[in-house]
Undergrad: 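Questions regarding the structure given below will be posed in turn.
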Amino acid sequence: MAAKLSAWRNPSYLESSTGIFFFFCAWGVWWSFYQRWLVTGLGMTNTQVGNIYSINSVATLIIMFVYGVIQDELGVKRRLAIFIAAIAALVGPFVQFIYAPLMRSNIMLGAMLGAVVLSAGFMSGCSLIEAITERYSRKFGFEYGQSRAWGSFGYAIVALIAGFVFNINPMINFWLGSAFGLCMLLVYAFWIPDEQRDEIRRESTPEGEKSQPSLSDMLHVLGMPALWLLIIFMIFTNTFYTVFDQQMFPTYYANLFATPQLGNQVYGILNSFQVFLESAMMGVVPVIMRKIGVRNALLLGATVMFARIGLCGFFHDPVMVSIVKLFHSIEVPLFSLPAFRYFTLHFNPKLSATLYMVGFQIASQVGQVAMSTPLGILHDRAGDQVTFYTISLVVLAALIYGIFVLKRDDQQVDGDPFIRDSQKSAVTQG
């Protein structure tokens, strides 16, 4: 691992942060209103939206696993990042001329094609870009949370304008995604700091230490009960965060206002403010982890999720729901950052991309495949409050389960050890 440099003097930090910034701009400018577009632009019911999300999740599940295995083989090479950026650069013309017309004429064919393209470029692409950034942070000496914060910052910027643009013409959002995707493509294709070139050459030499895992390494980790216990926890927490926030909350929130157009605008502003706070929390959560530990940070994230979703069912006015929505800015960093650290703490760090894809993201996609349509049906039949309370109770059950199954930070340390600030102080004083 490289020695830590000042972030602004670290070329790999600057490159990684710029790349992830443009990725989240390219994704967030249309993704934040994707559910609204399906409902208002294509006239879908909640059940149909649930079906679309289920199909997207199946494609994401498959592509994500493939991405993880390939990236662990590539090490620090960024061929997949360039591939993802190319898809992002083409999202505007794809949706305008292929996806939207197909969804109107043959919804099943359109949904399947869209699932492959959008998952390869964005839903699976998000996890892959995060995994590459995390790997670079360990290789080239910078804090992953600081770099990932630029992704949230980019999402916040585009979310601020997305609602206004959506009211003019939703297709503009997708074309803006293409513009940001082109910027991302330029970063990953041409900005290669010297230390990354040196690492690529070092990994390519026969005598160099290989960062790529072997097949036996992968099979060994995938056969460990601890991984599958964690996957169950993720299925019943992160899944419901995704289903609730992407599939249900945007329309629920917009309907709290006098007109859907006003709701779209306010939701865009609120979403932007929430993600700005999320960006700041990306820098705070590593400090929280050093105080309370990785396991406890994950459990804290599940606690915030339980409270946030349940309170959305309890409150019915825009002000209180907006305040509750801001809990999201704490919840996301408390899941994503400790999840990465949990994998590199308890499992082989060389498998970080595969493990993050399988244990965190693919687990969530499995849950979405299974739960998106049933929850969409429940939402249509029982309404917002019953659905939100149901989701909240499932997350509470998963939280209780996690208390018993998640490994403590000093248990089964097969990767990089994690030392809290209090433990460092004890060592220093001793």
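Position 1 is the first residue of the sequence; numbering continues from there.
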Undergrad: Is a donor on one side and an acceptor on the other found under 3.5 Å between the side chain of Y99 and the backbone of L113?
TA: no
Undergrad: Would you check if the side chain of T60 reaches a backbone N or O of S119 as a donor-acceptor pair within less than 3.5 Å?
TA: no
Undergrad: Return the NZ to CD1 distance between K77 and I82, rounded to the nearest 0.5 Å.
TA: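 Here the rounded value is 12.5 Å.
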Undergrad: Can you confirm whether F166 sits close enough to R36 that some side-chain heavy atom of one is under 4.5 Å from a side-chain heavy atom of the other?
TA: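 In contact.
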Undergrad: Atom CZ in F236, atom CE in M234: separation rounded to 0.5 Å?
TA: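 That separation rounds to 13.5 Å.
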Undergrad: With a 4.5 Å limit on heavy-atom distance, are the side chains of H316 and V321 in contact?
TA: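 Of all side-chain heavy-atom pairs linking V321 with H316, none is under 4.5 Å.
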Undergrad: Quick check: Y267 with F33 (ring centres under 6.0 Å apart)?
TA: yes
Undergrad: Just one of F306, F249, Y252 clears the ring-ring contact (aromatic ring centres under 6.0 Å, His included) bar with F244, so which one?
TA: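 Exactly one option meets the ring-ring contact (aromatic ring centres under 6.0 Å, His included) with F244, and it is F249.
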Undergrad: Does any non-hydrogen side-chain atom of Y389 lie less than 4.5 Å from one of F314?
TA: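 SC-SC contact between F314 and Y389 confirmed.
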Undergrad: Can you check whether L14's main-chain N or O pairs, donor with acceptor, with T18's side chain at less than 3.5 Å?
TA: yes
Undergrad: Once salt bridge (Lys or Arg N to Asp or Glu O under 4.0 Å) is applied, what residue pairs with a partner in residues 376-397 remain, sequence neighbours excluded?
TA: none
Undergrad: For the CG atom of D409 and the NE2 atom of H346, what is their distance to the nearest 0.5 Å?
TA: 5.5 Å
Undergrad: Any side-chain heavy atom of W31 within less than 4.5 Å of one from L118?
TA: no
Undergrad: Indicate yes or no: at least one non-hydrogen side-chain atom of I168 is less than 4.5 angstrom from one of F164.
TA: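 No - every pair of side-chain heavy atoms lies 4.5 Å or more apart.
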Undergrad: Any side-chain to backbone donor/acceptor pair from S124 onto A120? Under 3.5 Å, distance only.
TA: no
Undergrad: Does a side-chain heavy-atom distance below 4.5 Å link L300 with M289?
TA: no
Undergrad: Y253 and S322: side-chain donor and acceptor closer than 3.5 Å?
TA: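 Side chains of Y253 and S322: pair found under 3.5 Å.
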Undergrad: What's the verdict on side-chain contact (heavy atoms from CB on, under 4.5 Å) for M44 and M103, showing C-alpha distance, side-chain angles and the deciding distance?
TA: CA-CA 10 Å; M44 293 186 179; M103 290 287 275; 3.3 Å; yes
Undergrad: Any chance you could lay out the side-chain contact (heavy atoms from CB on, under 4.5 Å) test for L256 and D317, step after step, and finish with the verdict?
TA: CA-CA 7 Å; L256 296 175; D317 66 281; over 6 Å; no
Undergrad: Does a side-chain heavy-atom distance below 4.5 Å link C126 with F23?
TA: yes
Undergrad: For residues F180 and W30, determine if any side-chain heavy atom of one lies less than 4.5 Å from a side-chain heavy atom of the other.
TA: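 When only atoms from C-beta onward are counted, W30 and F180 do not touch, as no gap falls below 4.5 Å.
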Undergrad: Looking at V29 and A162, what are the two nearest heavy atoms and their distance?
TA: O-CB, 3.7 Å
Undergrad: Please give me the minimum heavy-atom distance between I129 and M184, naming the atom from each residue.
TA: CD1-CE, 3.8 Å
Undergrad: Give the intermediate values and the outcome of side-chain contact (heavy atoms from CB on, under 4.5 Å) for residues W37 and M171.
TA: CA-CA 9 Å; W37 177 65; M171 286 301 160; 3.8 Å; yes
Undergrad: Do the side chain of Y13 and the main chain of F140 share a donor and acceptor less than 3.5 angstrom apart?
TA: no
Undergrad: Less than 3.5 Å apart, any donor N or O on the side chain of Q261 or Q265 sitting next to an acceptor on the other?
TA: no
Undergrad: Kindly compute the distance separating OG (S329) from CG (L334), expressed to the nearest 0.5 Å.
TA: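 Output value for this atom pair is 9.5 Å.
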Undergrad: If you look at every heavy atom in F327 and V304, which pair is closest and at what distance?
TA: O-CG1, 3.7 Å
Undergrad: Short question: side chain of S178, backbone of G92 - any donor-acceptor pair under 3.5 Å?
TA: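 Present.
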Undergrad: Starting from the C-alpha separation in whole Å, work towards a yes-or-no answer on side-chain contact (heavy atoms from CB on, under 4.5 Å) for I87 and F94.
TA: CA-CA 9 Å; I87 296 176; F94 169 73; over 6 Å; no
Undergrad: What distance do F153 atom CZ and I20 atom CD1 have between them, rounded to the nearest 0.5 Å?
TA: 14.0 Å
Undergrad: Less than 3.5 Å apart, any donor N or O on the side chain of Q196 or R78 sitting next to an acceptor on the other?
TA: yes
Undergrad: Any chance you could measure S152, atom OG, to Q274, atom CD, to the nearest 0.5 Å?
TA: 8.5 Å
